[in-house]
Amino acid sequence: MSNVLVPIAVCMVLPIAIVLIVALTKMNGDNKRTQIIIKAIEANNNVDADKLVESLKKTNNTPHEVLSLRLLRGCIFSLVGLGLIIVGLFNLINGTPFNSDPVSVPFVFGSASIAVGISYLIVYLVTRKQLKNTEGK
């Protein structure tokens, strides 16, 4: 029975909990900003509401920052995946059977990490091309 509970907890409960925590944190931040703006408007102490809203607004990254962040994430995921694949190959060469955990687990996580890294790099290349086209116009 315990052999079934751990994968269910890791594969189902953990991702749902992470998404829930992130969503609640974002909602809490938005609610706090809204409360600050409402209190400032209610106080009416010659506070410029537009400037207050502008100062409390989240700063958006420029397209170049987003582009470099995608490149960084793509490189990190690809290198981590490559490292895991090398660890799996090293264990396989040392005589560990292929179906054992020291070989199969690094291969699974390494291939998933490489796939995520390559997808980030593809998005980086496409976005860079589009960014060059919009800047050239």
Side-chain angles (χ1 to χ4, degrees):
M1 183 69 171
S2 66
N3 292 340
V4 175
L5 292 178
V6 172
I8 288 174
V10 169
C11 295
M12 293 183 65
V13 176
L14 188 63
I16 292 171
I18 290 172
V19 169
L20 182 67
I21 290 170
V22 169
L24 289 176
T25 304
K26 186 174 182 182
M27 286 175 30
N28 188 27
D30 291 342
N31 288 341
K32 286 193 184 267
R33 276 194 230 48
T34 304
Q35 288 174 356
I36 291 171
I37 293 170
I38 289 173
K39 294 227 186 227
I41 291 173
E42 287 175 354
N44 200 12
N45 293 335
N46 295 329
V47 175
D48 190 9
D50 292 333
K51 287 185 179 180
L52 183 62
V53 169
E54 189 68 32
S55 67
L56 291 176
K57 189 186 295 185
K58 290 182 181 179
T59 58
N60 292 333
N61 294 339
T62 64
H64 291 290
E65 290 173 344
V66 172
L67 195 63
S68 62
L69 187 62
R70 286 180 182 155
L71 177 63
L72 177 67
R73 286 180 182 163
C75 290
I76 288 172
F77 275 107
S78 297
L79 289 176
V80 166
L82 187 63
L84 287 171
I85 295 289
I86 289 172
V87 166
L89 285 173
F90 183 74
N91 287 335
L92 186 64
I93 290 171
N94 282 337
T96 309
F98 183 76
N99 57 358
S100 66
D101 284 346
V103 175
S104 61
V105 171
F107 279 149
V108 169
F109 288 117
S111 60
S113 181
I114 286 177
V116 170
I118 289 174
S119 66
Y120 266 116
L121 292 174
I122 289 171
V123 170
Y124 164 77
L125 292 173
V126 170
T127 308
R128 185 183 69 176
K129 223 179 251 187
Q130 288 176 348
L131 192 62
K132 281 183 183 177
N133 289 342
T134 57
E135 286 179 353
K137 290 182 179 179

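In the hydrophobic clustering, where aliphatic and aromatic side chains (Ile, Leu, Val, Met, Phe, Trp, Tyr) are joined below 4.5 Å either directly or transitively, Ile86 groups with Leu82. With a 4.5 Å cut-off between side-chain heavy atoms of Ile, Leu, Val, Met, Phe, Trp and Tyr, the cluster of Val19 takes in none.
Scored by the side-chain contact (heavy atoms from CB on, under 4.5 Å) test, Leu24 finds Leu20, Met27 as partners (sequence neighbours excluded). With sequence neighbours excluded, the residues satisfying side-chain contact (heavy atoms from CB on, under 4.5 Å) with Ile76 are Leu72, Val80. Partners of Glu65 under the side-chain contact (heavy atoms from CB on, under 4.5 Å) rule, at least two apart in sequence or in another chain, are Asn61, Thr62. For Leu79, there are no side-chain contact (heavy atoms from CB on, under 4.5 Å) partners two or more places apart in sequence or in a different chain. Looking at residues two or more places apart in sequence or on another chain, you find a salt bridge (charged side-chain N to carboxylate O under 4.0 Å, His left out) between Arg33 and Asp30.
Side-chain contact check for Thr25 versus Ile21: some heavy-atom pair is nearer than 4.5 Å. For the pair Ile38 and Glu42, the minimum side-chain heavy-atom distance is below 4.5 Å.
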If you look only at distance, which donor and acceptor atoms sit under 3.5 Å apart when one is on a side chain in residues 100-114 and the other is two or more places apart or in another chain?
residue, atom, partner, partner atom, Å
Ser100, OG, Pro97, O, 2.8
Ser104, OG, Ser100, O, 3.0
Ser111, OG, Phe107, O, 2.9
Ser111, OG, Val108, O, 2.9
Ser113, OG, Phe77, O, 2.6
Ser113, OG, Gly81, N, 3.4

Pairs under 3.5 angstrom only: tabulate donor-acceptor contacts from the side chains of residues 118-131 to other protein residues two or more places apart or in another chain.
residue, atom, partner, partner atom, Å
Ser119, OG, Ala115, O, 3.4
Ser119, OG, Val116, O, 2.6
Thr127, OG1, Arg70, NH1, 3.1
Thr127, OG1, Val123, O, 2.6

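Applying the side-chain hydrogen bond (donor to acceptor under 3.5 Å, both in side chains) test to every pair with at least one member in residues 78-97, sequence neighbours left out, gives no pairs at all.
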